[in-house]
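Here the structure is laid out as structure tokens; the discussion comes afterwards.
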There are 2 protein chains.
Amino acid sequence: MRRSPLVAVDVVIFTIADGELQALLVEVKSGPFAGRWAFPGGLVPVGEAPDVTAKRELLSQTGIGDVYLEQLRTFGDPKRDPQAHVVSVAYFALVAGKGEGQADNPKYRRMQWGPMRDLPSLAYDHNLLAQSALERLRSKLAYTNIVYSLLPRELTLGELQEIYEIIIGRPLDRRNFRRRILALGLLRPLRRQRRGRHRPAQLYTFTRREPMNVEML
Amino acid sequence: MRRSPLVAVDVVIFTIADGELQALLVEVKSGPFAGRWAFPGGLVPVGEAPDVTAKRELLSQTGIGDVYLEQLRTFGDPKRDPQAHVVSVAYFALVAGKGEGQADNPKYRRMQWGPMRDLPSLAYDHNLLAQSALERLRSKLAYTNIVYSLLPRELTLGELQEIYEIIIGRPLDRRNFRRRILALGLLRPLRRQRRGRHRPAQLYTFTRREPMNVEML
DNA sequence: GCAAAAGTGTTGAGATTACACCCATGC
DNA sequence: GCATGGGTGTAATCTCAACACTTTTGC
């Protein structure tokens, strides 16, 4: 007889793709939720910090190591998993693109990115988790610089603005946005421009790629 | 052989007393940290949500039920407790006064309030926990109305301002503070005044005693 | 030439800060 | 009467939001 619940981690991995916010989903293989989608996760073994388990999980899913990872909160309702009482420490991660995705990860039958608006009914309490993660993401983008982890090393102001518009869900004034962002001194202009269908845009890079509190919006 | 760590909760219970921010400490009875001070806590039993364990723990320590309680974050370093790998879900609570304190709680040898500036070296990773709790408290007071849970039902603007000054650690302009707070509409003036050594002060009460996001500072 | 994104300044309104004097009470 | 906290208004500054036209490119 166990004295205390099991401990797991679950990770909501966000990216921006196709003009919207998406999260990585995996299909549950067995148990009462078999066939349903969920966020990737796994049990925390004795001797390993949950932060480490989350990093490991993330790496094995995306193959990417250079990501932003933050603890969200812990869900512990005894009925969240009907098979056993599992207390889950939830994390959210930001990655710069869909990447290759370990499409052949043996742990899950299927894995795919799904848009955050319009998620299906997920396994466990993961719809609750999705909501928490989204709230946190929105508020963190407003007062920290973590948006850098959603973007490649080189970016244009238009691309940065697009991300903000997608996540906070309303258009921003381009002139005010540019002025504010540049005034923060987080971006360094490069000597190059991005060429595309239209007028070339100045390329910038983040001067510091580490989390800091900054009033972005 | 366990598959997964044990789960516990720890609760940092704050109050304002004697003009400063204090937290409830208990003396550890046994193990490598015997005799050291720590925040109250305990193992989460199978079948009970950590939130419930925390509420129970809080009630048994302070005898008070009507408090603000919020999950902080989860600490899971395998070495935080040398006896076993215990993942601890940390909470912080706000109470309106020292209260009677269950001085005779059989679970701990001693229990006392200690000032947050000038904590001793605590058991486990509780100095880290103290720091997290303090940071969260400071930021939450700035953008929510939870200060109501640090104050009795009837209060003066002077008392409210004192709390803010203690916690953010700098003096505020009285006229600007009053104007801003009253403009938020969180306070309802009563027909009575508080009499003391000096000019009587208007008494107010919070119109809503439930957590809301409000820009207080 | 036209569609589409890039680039650029100014102005008005509202919010925030700084600041000084009188009032009521207990001792 | 004096020490102490309670109560009140205004002016200067800063911040934020609103807003339009020109440029460069690919097709």
Side-chain angles (χ1 to χ4, degrees), chain A residues 16-20 138-139 141-143 147 151-152 154-166 168-206 213-217, chain B residues 16-20 139 141-143 145 147 151-152 154-166 168-206 213-217:
Chain A
I16 302 278
D18 311 320
E20 59 184 345
R138 288 211 172 104
S139 75
L141 280 182
Y143 71 89
V147 70
L151 285 158
E154 306 188 338
L155 60 134
T156 67
L157 286 174
E159 290 159 359
L160 182 60
Q161 182 172 347
E162 192 196 355
I163 300 228
Y164 273 95
E165 290 181 334
I166 289 169
I168 69 179
R170 73 188 145 86
L172 299 170
D173 182 275
R174 186 155 35 97
R175 292 157 291 185
N176 292 339
F177 182 80
R178 297 169 67 88
R179 185 187 15 249
R180 164 184 267 127
I181 295 294
L182 292 175
L184 295 175
L186 300 174
L187 293 178
R188 184 162 45 86
L190 300 174
R191 286 171 201 286
R192 293 183 302 119
Q193 298 186 318
R194 168 149 310 160
R195 303 184 64 84
R197 276 191 299 278
H198 309 296
R199 175 173 173 175
Q202 178 63 237
L203 281 170
Y204 293 85
T205 192
F206 285 94
N213 287 345
V214 188
E215 214 55 53
M216 304 286 286
L217 293 185
Chain B
I16 303 277
D18 310 322
E20 59 183 346
S139 76
L141 280 182
Y143 71 90
N145 66 342
V147 69
L151 284 157
E154 306 188 338
L155 60 133
T156 66
L157 286 173
E159 288 159 0
L160 182 61
Q161 182 172 346
E162 190 195 356
I163 298 227
Y164 273 96
E165 290 181 336
I166 288 170
I168 69 180
R170 76 186 143 87
L172 300 169
D173 182 274
R174 187 157 34 99
R175 290 156 295 188
N176 294 337
F177 181 80
R178 297 170 65 91
R179 191 191 3 256
R180 166 185 265 126
I181 295 293
L182 291 176
L184 295 175
L186 301 174
L187 293 179
R188 182 162 47 87
L190 300 175
R191 287 172 200 285
R192 292 183 303 119
Q193 298 187 318
R194 168 149 309 160
R195 304 183 64 84
R197 275 192 298 278
H198 309 296
R199 174 172 174 176
Q202 178 63 237
L203 280 171
Y204 293 86
T205 193
F206 286 95
N213 286 344
V214 187
E215 214 56 54
M216 303 286 286
L217 291 186

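Everything quoted here is computed from the prediction, not taken from an experiment. Within every chain, numbering begins at 1; the chains are lettered A, B, ... in the order of the sequence lines, protein sequences first and strands thereafter.
For the pair B/Phe177 CZ and C/dT17 P, the interatomic distance rounds to 13 Å; values are reported in whole Å. Rounded to an integer number of Å, the gap from A/Leu172 CG to D/dA18 C1' is 14 Å. If you take CD1 of B/Ile181 and P of D/dT8, they are 15 Å apart, rounded to a whole angstrom. The distance from atom CZ of A/Arg197 to atom P of C/dA5 is 7 Å, rounded to the nearest whole Å. As a whole-Å value, the separation of B/Asp173 CG from D/dT8 C1' is 12 Å. Separating the CZ atom of A/Arg194 from the P atom of C/dG7 is a distance of 12 Å, rounded to the nearest angstrom. Summarising the geometry, the separation between CZ on B/Arg179 and P on C/dA18 is reported as 12 Å, rounded to the nearest angstrom. In this structure, the CG atom of A/Leu187 is 14 Å from the P atom of C/dA6, given to the nearest Å.
OP1 and OP2 of D/dG7 both lie 4.0 Å or more from every side-chain N or O belonging to B/Arg199. Between C/dG26 and B/Arg195, a contact under 4.0 Å exists linking OP1 or OP2 to a side-chain N or O. Taking side-chain N and O atoms only, B/Arg178 has a distance below 4.0 Å to OP1 or OP2 of D/dG7.
With A/Gln161 as reference, A/Leu172 is the one residue of A/Thr156, A/Ile166, A/Leu172, A/Asp173 to meet the side-chain contact (heavy atoms from CB on, under 4.5 Å) rule.
Between B/Arg180 and B/Arg174, the residue anchored closer to the 5' end of DNA chain C is B/Arg180, taking for each the nucleotide with the nearest heavy atom. Between A/Leu182 and A/His198, the residue anchored nearer the 5' end of DNA chain C, judged by the nucleotide with its closest heavy atom, is A/His198.
Side-chain contact between B/Asn145 and B/Leu184: absent, with no pair of heavy atoms (C-beta onward) separated by less than 4.5 Å. At least one side-chain heavy atom of A/Leu151 sits less than 4.5 Å from a side-chain heavy atom of A/Phe206.
Each of D/dT25, C/dG9, C/dC19 was ranked by its minimum atom distance to the side chain of B/Asn176; first place goes to C/dC19. Taking every side-chain heavy atom of A/Arg175 into account, D/dC19 is the closest of D/dC19, C/dT17, C/dG7.
The line from CG of A/Leu157 to CG of A/Leu203 is 10.0 Å long, rounded to the nearest 0.5 Å.
A donor-acceptor pair under 3.5 Å is formed between the side chain of A/Tyr164 and the backbone N or O of A/Leu141.
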